[in-house]
Each structure stands twice: as C-alpha cells, then as structure tokens.
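No hydrogens, no waters, no symmetry mates; every other heavy atom, side chains included, goes into these values.
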2 protein chains.
Amino acid sequence: MSHQRRNAKRRPRAPVFAALGDETRLSLVAKLCGGQPYSISQLTQGSKLTRQAITKHLRVLECVGIVHSVRTGRESLFEFDRQPIEEIREYLDFVSQQWDQTLSRLKLFVED
Amino acid sequence: MSHQRRNAKRRPRAPVFAALGDETRLSLVAKLCGGQPYSISQLTQGSKLTRQAITKHLRVLECVGIVHSVRTGRESLFEFDRQPIEEIREYLDFVSQQWDQTLSRLKLFVED
DNA sequence: TCTTTAAGCAACCTCCGGGTTGCATATTAT
DNA sequence: ATAATATGCAACCCGGAGGTTGCTTAAAGA
C-alpha cells in the first residue's frame, strides 16, 4: 500500500511552487489563509495593482488549487484551500529528511 | 528579541519558491539533496536538455542559495544547501497553522 | 605535445508572465 | 428606471525565462 490516498491524482509540484513564486500572490495567500473569504475588489484594496492584475494572480492560484472562488451575487469570493500547500510542505519535509540522513552518515564517518 | 537569528538578513521567500517552480530544477534538487556533489556534466547526463540549459538552471538555484558550486580542477561540483528550503518550509508551516486556527474557531462556533 | 573533456561566455530566438487599457455584462442601490 | 458597483473578457505591450548554437579557455590524459 502506498502512503498516497486512493484516487488522489498526484498533482505535479512545480506549478504549485511556481504559483507561490511571486510576491503579490504570496500576499494574497497570506491574507486568505487567515480564513476569511475576500472578494476581488477587497483584495485589490491597498494594492498598487489593477483589479485585473489581481484577478489574474487569483486565477493562477486557483488553477493549482490553492484557492477557489464562489460567486455570490455580483461578487466572487475567494477562499483558501489547504491541500496543495500541504503537499509541497510534505515534499520539503522529504528533502530536508534526505539531507539529514546525509549529515548523519557524514557524522558517523567522521567519528568513526 | 526576535526569533530570527542575529544578522540573518531575511531572504525574500518568493524567489526561492520561484526557483523550485520548474520541473527541471526540482529534479536537480532531488538529485543533489541526496548528499553527493555532482558536476555539471554529470547532472546533464540523462537529461534531454543541453549542458548550457542545465547550467542556467543551476545558476538560478545558486542565486537563491539552494545550491553552491566548488570548482575542482576542470569541473565545478554542485552541492545542496539546506537553509533556504528550510526557511520556506517553516513559512508553509506557518500558513498551515493559520488555517488550522481558522478551522478550530469554526468548529467551536458550530459546536457552540 | 596533442587531444579530449569540462566548463564559461555571448548572441540569439521564442514564448509566456505580469501588467495595462477599454469595453461589456450582471447585480445592487437609489 | 437609472446609477453605481463588481466582475468578465479581449487586445495589447514588454521584458525576461528557458532553450539553442557557436566559439573560447582551462585541465587532464595519451
């Protein structure tokens, strides 16, 4: 048995990292991971960018599943989704762990 | 006192995420975090890309501190550096934690 | 010494990411 | 009904990312 959930289509990780590789989008994530949903206009407030620019960034985040939008009346509310970030977090755990093992082996070798 | 190490200039996170936002570079990281240093030619082996392309990717990783190179003789060996990845890993921990608190509040609200 | 191998440098191409403006559409408020 | 607000859609611009080719330089091997 794999540790992977059944039927959980393995999302490629690079696009998720890429989606986070932009200051504007990082800010959006920071705001949204607080739990409260925000409309596009609200998210544009305080930014120097256009509403359309913000929209594009939100679509990028949405494409990799970091956020999703719900249309309510004339505004569409965006809210955070944990899963993709959780997945790359686990991947970084794995990388760090690999490196840890290397350090352990090195230490053993030196002490021995 | 901050939890930040003294004189540790706060590296912006977005560029580190961006550096990982590419399949080729993720592969390089995967290979290098195993602990063994590799030369450019070695890292090019098995890739469909040119040596120069791989070199460029390595420079990108080097710029954000994920790897560093040591020239030995006629070849330059690249090895993994843990710190930047560790930093963004902690940031993702923070994001997840924020979200956890939201869920907790929500649960309390529903149960109450 | 001569040849092979590893890498650096530079020019070039193509395509997409990030941003803008302009206009259309739908919903809410007056 | 009309005005104001929130968003969607499309065209467009520009710079840089990712990739290539061609040539040069430096080490190592024969």
OP1 or OP2 of C:dG19 sitting under 4.0 Å from any side-chain N/O of A:T50? no

Per A:S41 side chain, nearest of listed nucleotides D:dA6, C:dG19, D:dG22: D:dA6

Side chain to side chain, B:F78 and B:L28, heavy atoms closer than 4.5 Å: no

So, under a plain 3.5 Å distance rule, would you say the side chain of A:Q52 forms a donor-acceptor pair with the base of C:dG22? yes

Just N and O in the side chain of A:R51: are any of them under 4.0 Å from OP1 or OP2 of D:dT5? no

Quick one: B:I54 CD1 to D:dA17 C1', roughly how many Å, whole number? 15 Å

Within the structure, does a side-chain N or O atom of A:R74 lie under 4.0 Å from either OP1 or OP2 of D:dG8? no

Rounded to the nearest angstrom, tell me the gap between atom NZ in B:K48 and atom P in D:dG18. 18 Å

What integer distance in Å separates B:E23:CD from D:dG18:C1'? 14 Å

What integer distance in Å separates A:L49:CG from C:dG17:P? 17 Å

Tightest non-hydrogen contact, residues A:S69 and A:E62, listed as OG-OE2, 3.0 Å

Please report the distance, rounded to the nearest Å, between CZ in B:R59 and C1' in C:dA7. 9 Å

I need the CG-P distance between B:L77 and C:dA6, as an integer number of Å. 12 Å

Exam field: side chain A:R82 to backbone B:S96, donor-acceptor pair closer than 3.5 Å: yes

B:D22 side chain vs B:T24 backbone, donor-acceptor pair below 3.5 Å: yes

Toward the 5' end of DNA chain C, which comes first, A:D22 or A:G73, by nearest nucleotide? A:D22

Ranking C:dA6, D:dG8, D:dG19 by distance to the side chain of A:R71, first place goes to D:dG8

B:F17 atom CZ is separated from D:dA17 atom C1', nearest whole Å, by 20 Å

Check every atom of D:dT21, C:dA6, D:dG8 against the side chain of A:I40 and return the nucleotide holding the closest atom. D:dG8

Would you mind telling me which residue lines up with the more 5' stretch of DNA chain D, A:F78 or A:K56, judged by nearest nucleotide? A:F78

Any A:T24 side-chain N or O less than 4.0 Å from OP1/OP2 of C:dG18: no

Side chain of A:A53 - closest among D:dT21, C:dG19, D:dG8: C:dG19

Contact between A:Q97 and B:C33 at the side-chain level, heavy atoms closer than 4.5 Å - yes or no? no

Rounded distance in Å - CD (B:E75) to C1' (C:dT4): 14 Å

Which pair of non-hydrogen atoms, one from A:A19 and one from A:I66, has the smallest distance, and what is that distance? CB-CD1, 4.3 Å

Does B:T55 put a side-chain nitrogen or oxygen below 4.0 Å from OP1 or OP2 of C:dA7? no

Is the phosphate of D:dA17, meaning OP1 or OP2, less than 4.0 Å from a side-chain N or O of B:H57? no

